Amino acid sequence: MHINITARRPKPGTGITVSRGECGGGVSKRRFDVNLAATPPTFVAKPAVDDFTGQVTSPTVDFPYKISLTDPEVFELDVTKACAGDCTFTVVLDWVADGKKGTSVLDNHGHSFRSINASSRPRYRLDPGLDGMKLQPLSLTLKLL
């Protein structure tokens, strides 16, 4: 896996940041802490942790490793150190299947992923409610995802 920065821009001076509420479950995640401030960006594998109990459910697994068609893999990339301002990035996965080598670029459907170091900007989470989507204020200690 490689992280590819596609653009860097200055930190925004105005606006708010909004993240979506999380959902899903039942699939183990391969967790990685990502440092977008490093050149090139770096990542470190972390152990799988149960979202509810906080207990480690499986040890750290780093690349390369094997998977099968019946075992889906979910990669959770936690941006632990953002770029200095506003940057976009893609995730590149190199793989081998039945002896054939390939590369898959995860690029958010052609829009790249985005990380904004907007620590001075108000932060909100978009959560579904009984009467539609609601913006919930977040504390400034929220970890960037």
Side-chain angles (χ1 to χ4, degrees), residues 1-52 54-128 132-136 138-145:
M1 182 166 69
H2 310 278
I3 309 297
N4 179 37
I5 301 289
T6 56
R8 290 184 190 270
R9 292 175 287 283
K11 180 165 63 168
T14 62
I16 64 172
T17 60
V18 177
S19 62
R20 289 188 222 172
E22 295 182 19
C23 64
V27 178
S28 297
K29 301 174 193 172
R30 302 286 186 195
R31 295 183 54 234
F32 297 90
D33 285 351
V34 177
N35 179 349
L36 293 176
T39 304
T42 59
F43 64 91
V44 176
K46 298 304 229 181
V49 176
D50 183 279
D51 291 333
F52 297 106
Q55 299 295 315
V56 172
T57 57
S58 66
T60 300
V61 178
D62 205 352
F63 291 102
Y65 62 92
K66 294 181 181 183
I67 63 170
S68 71
L69 289 175
T70 59
D71 293 325
E73 290 293 324
V74 175
F75 299 125
E76 182 176 276
L77 306 179
D78 291 325
V79 176
T80 56
K81 190 163 185 186
C83 55
D86 177 356
C87 67
T88 56
F89 63 97
T90 60
V91 179
V92 180
L93 289 172
D94 297 316
W95 50 265
V96 177
D98 292 329
K100 297 177 188 173
K101 293 182 179 183
T103 299
S104 294
V105 178
L106 309 176
D107 64 358
N108 194 22
H109 304 286
H111 300 286
S112 297
F113 298 99
R114 188 172 184 190
S115 174
I116 300 174
N117 187 350
S119 57
S120 62
R121 309 279 21 109
R123 298 176 186 193
Y124 297 88
R125 184 178 70 222
L126 190 60
D127 283 333
M133 300 300 279
K134 300 249 186 206
L135 280 178
Q136 302 294 331
L138 294 173
S139 70
L140 291 177
T141 58
L142 174 71
K143 182 169 53 171
L144 296 173
L145 295 177

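Note that the coordinates shown come from a computational prediction; the quantities given were computed from them, not determined experimentally.
- Screening Ile5, Val91, Asn35 for a side chain to side chain contact (heavy atoms under 4.5 Å, CB included) involving Pro41 leaves a single residue, Ile5.
- Between Phe89 and Phe113, the ring-plane angle classifies as tilted under the 30° and 60° cut-offs.
- Closest non-hydrogen pair, Ala84 versus Lys11, comes out as O-CB, 4.1 Å.
- For the residue pair Thr6 and Ser112, the shortest heavy atom distance occurs at OG1-OG, 3.3 Å.
- Leu36 contributes atom CG, which lies 8.0 Å from atom OG1 of Thr80 (distance to the nearest 0.5 angstrom).
- For the atom pair Asp33 CG and Glu76 CD, the distance stands at 9.5 Å (nearest 0.5 Å).
- Side-chain contact check for Thr88 versus Arg9: some heavy-atom pair is nearer than 4.5 Å.
- Taking every heavy atom of both residues into account, Arg31 and Pro47 meet most closely at NH1-O, 3.2 Å.
- For the atom pair CE (Met1) and CZ (Phe75), the distance works out to 6.5 Å, reported to the nearest 0.5 Å.
- Atom CG of Leu93 sits about 5.0 Å away from atom CG of Leu106, to the nearest 0.5 Å.
- Residue Thr60 holds its OG1 atom at 10.0 Å from CZ of Arg30, rounded to the nearest 0.5 Å.
- The residues Lys101 and Asp94 are annotated as not salt-bridged, no charged nitrogen and carboxylate oxygen being separated by less than 4.0 angstrom.
- Side-chain atoms of Lys46 and Asp78, non-hydrogen and from C-beta on, never get closer than 4.5 Å to each other.
- For the residue pair Ser115 and Ala82, the shortest heavy atom distance occurs at OG-CB, 3.7 Å.
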